[in-house]
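Just so you know, these numbers use all the heavy atoms, side chains as well, and skip hydrogens, waters and symmetry mates. All of these numbers come straight from a predicted model, not from anything done at the bench. In this chain, residues are counted from 1 in sequence order.
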Amino acid sequence: LNKATAEDIYNIGYISYLKGKFENAISNFDDALKIDASNINAYIYKGLSLNKLSKFNEALQILTNIATAPKNENYDIFIHIGDIYRSQNKFKEAIENYEKSIKKNFKLFICYKKIGECYNNLSDFSRAVENYNKSLENSPTGIPVNDINEIRYSLGMIYKKTGKLKEASREWEKIAAHDPKYRDVANLLGIFSSVQKDNKVTDFINMSITQFREFCEKIIQSLNYNIIKIYVTKNETIQTIAISENEYRLEFLIEISRSTNIIGELMIRDFIHEMESQKIKKGIFMTPFSFTEGAQKNAANRDINLIYGDK
């Protein structure tokens, strides 16, 4: 038996791996390694097969041994280890391994994309955006359009989630230019377009700050609230402390925004902080657009009524 025989057995194992017959593949890789213990690919695919069988610790042990070998030049191994950690939701460990591949200037497009996905899962959206953009900057010639669209779609959804609707729309438009039927991009662009074309909304957005304040006063008074205090916030929204003019005479903090972005979680947290500092238990937040899922969850935990769109 010689190395050529070992390579033949390895190839049989590799075919089994591709067919999803992972136990057979492991047996073949072990047989190949008995003949030729220097067959790195046999070790790698044995590790990957173990991972497919959910034997994560065994897989990591094999792959880590290869990665830490003094003369290791197989930088794919860091990506494989990162993928195993990511499959177990160990995103920080996954990022550490993808970054090792980046330090070797290896498969930058893939590694930055995977790091972006990890940060997205960790809800660290600024770092997710940073790494997704780095992935796009390092996209190799001939990369499938669908791979680029996948990143742009992820960017768009992060922007939507964080209330940056214009930025989201730009990413969706770039996708639509190549593939108008990609996922729900056409529907997302349609929603954004209809909002932009609404003349009433446009007038509302383009008011001077004085006109906006007067407009807000009229809205609040029309809802039967007696205004105690009204002021402009750092975000150029109008915030009001008001008393309901019914038998309960309850105190409310009311904020009205005309931002062209969807209202995000941070803005609602600021609103909650203001409620607490003013010792007010009830709140109303209004916007012509909508609220992210995170914003809605934060409001649901407090006595805050969210009003948006044409409501």
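Cluster annotation: Leu53 and Tyr14 are assigned to the same hydrophobic cluster (Ile/Leu/Val/Met/Phe/Trp/Tyr, side-chain heavy-atom contacts under 4.5 Å, transitive). Met267 and Phe291 fall within a single hydrophobic cluster, where Ile, Leu, Val, Met, Phe, Trp and Tyr are joined by side-chain heavy atoms under 4.5 Å apart, directly or via other members. A continuous path of Ile, Leu, Val, Met, Phe, Trp and Tyr side chains, each step under 4.5 Å between heavy atoms, connects Ile158 with Ile151, placing both in one hydrophobic cluster. Hydrophobic cluster membership is shared by Ile84 and Leu122, with clusters built from Ile, Leu, Val, Met, Phe, Trp and Tyr side chains linked at under 4.5 angstrom. Ile62 and Tyr85 fall within the same hydrophobic cluster, where Ile, Leu, Val, Met, Phe, Trp and Tyr residues are linked whenever their side-chain heavy atoms come under 4.5 Å apart, directly or through other members.
With a 4.5 Å cut-off on side-chain heavy atoms, Thr5 and Ile9 count as touching. Inter-residue side-chain proximity for Phe212 and Val232 is flagged as unmet; no heavy-atom pair is nearer than 4.5 Å. A 4.5 Å side-chain heavy-atom check between Ile66 and His80 finds every atom pair outside the cut-off. Counting heavy atoms from C-beta outward, Tyr132 and Asn120 have side chains that approach closer than 4.5 Å. A 4.5 Å side-chain heavy-atom check between Ile44 and Asp76 finds every atom pair outside the cut-off. Side-chain atoms of Asn305 and Phe252, non-hydrogen and from C-beta on, never get closer than 4.5 Å to each other. Here the side chains of Ile79 and Phe106 are in contact, with some heavy-atom distance below 4.5 Å. Between Val145 and Asp179, every side-chain heavy-atom pair lies at or beyond the 4.5 Å cut-off.
Residues Ala295 and Ile268 share a closest heavy-atom pair of CB-CG1, 3.6 Å. Residue Ala25 comes nearest to Ser49 through the heavy atom pair CB-OG, 3.9 Å, listed as atom of the first residue, atom of the second, then distance. Nearest heavy-atom pair across Glu265 and Thr292 is N-OG1, 3.7 Å. Here the shortest heavy-atom pairing between Ala6 and Ala32 reads O-CB, 3.5 Å. Among all heavy-atom pairs drawn from Ala59 and Asn51, the shortest one is CB-N, 3.7 Å. Residue Tyr225 comes nearest to Ala242 through the heavy atom pair CB-CB, 3.9 Å, listed as atom of the first residue, atom of the second, then distance.
No donor-acceptor pair under 3.5 Å is formed between the side chain of Ser27 and the backbone N or O of Asn24. Glu236 places no side-chain N or O within 3.5 Å of a backbone atom of Ile209 that could act as its donor or acceptor partner. Between the side chain of Asn298 and the backbone N or O of Gly294 there is at least one donor-acceptor pair closer than 3.5 Å. For the pair Ser244 (side chain) and Leu250 (backbone), a donor-acceptor distance under 3.5 Å is present. Looking at Ser277, its side chain does come within 3.5 Å of a backbone N or O of Glu274 through a donor-acceptor pair. Distance alone, capped at 3.5 Å, places no donor-acceptor pair between the Ser135 side chain and the Asn131 backbone. Side-chain atoms of Asn72 never come within 3.5 Å of backbone atoms of Thr68 as a donor-acceptor pair (strictly under, hydrogens ignored).
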Evaluate the side-chain contact (heavy atoms from CB on, under 4.5 Å) criterion for residues Glu117 and Glu150: first the C-alpha distance (whole Å), next the side-chain angles of each, then the deciding distance (0.1 Å), finally the verdict. CA-CA 11 Å; Glu117 289 166 355; Glu150 186 181 346; 4.1 Å; yes
Just do the ring pair (Phe, Tyr, Trp, His ring centres under 6.0 Å) check on Phe22 and Tyr17 with the steps written out, would you? CA-CA 5 Å; Phe22 303 117; Tyr17 173 84; 5.6 Å; yes
side-chain contact (heavy atoms from CB on, under 4.5 Å) between Leu155 and Asn133: does it pass, once the steps are laid out? CA-CA 8 Å; Leu155 280 168; Asn133 281 322; 3.6 Å; yes
Step by step, work out the side-chain contact (heavy atoms from CB on, under 4.5 Å) result for Gln88 and Leu60. CA-CA 12 Å; Gln88 298 178 77; Leu60 283 171; 4.2 Å; yes
Carefully, step by step, assess Leu188 and Met157 under the rule side-chain contact (heavy atoms from CB on, under 4.5 Å). CA-CA 10 Å; Leu188 291 166; Met157 297 312 289; 4.1 Å; yes
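A salt bridge between Lys297 and Glu293 is present, with a side-chain N of the basic residue lying under 4.0 Å from a carboxylate O of the acidic one.
Sparse packing is recorded around CD of Glu23, with 12 or fewer heavy atoms of other residues, nucleotides or ligands lying under 6.0 Å away. By the neighbour-count criterion of 12 heavy atoms within 6.0 Å, atom CZ of Arg183 is densely surrounded, having more than that number from other residues, nucleotides or ligands. The environment of Asn301 atom CG is dense: over 12 non-hydrogen atoms of other residues, nucleotides or ligands sit within 6.0 angstrom.
Ring pair Tyr10/Phe29: centre-to-centre distance below 6.0 Å.
Pairs of residues two or more places apart, or lying in two chains, that qualify as side-chain hydrogen bond (donor to acceptor under 3.5 Å, both in side chains) and include a residue from residues 89-105 are Asp83-Tyr98, Arg86-Tyr98. Applying the salt bridge (charged side-chain N to carboxylate O under 4.0 Å, His left out) test to pairs two or more places apart or on separate chains, those with a residue in residues 36-48 are Asp30-Lys46.
Looking only at atom types and distance, the side chain of Thr237 has a donor-acceptor partner in the side chain of Thr233 under 3.5 Å away.
If you take CD1 on Ile280 and CG on Asp303, they are separated by 12.5 Å, rounding to the nearest 0.5 Å. The structure places CD1 of Ile254 at 10.5 Å from CD of Gln239, a figure rounded to the nearest 0.5 Å. Atoms CD1 and CD, on Ile227 and Gln221 in that order, are 4.5 Å from each other to the nearest 0.5 Å. From Met275, atom CE reaches atom CZ of Arg302 across 7.0 Å, with rounding to the nearest 0.5 Å. To the nearest 0.5 Å, atom CZ of residue Phe109 and atom SG of residue Cys111 are 11.0 Å apart. The CD1 atom of Ile175 sits 7.5 Å away from atom CZ of Arg152, with the distance rounded to the nearest 0.5 Å.
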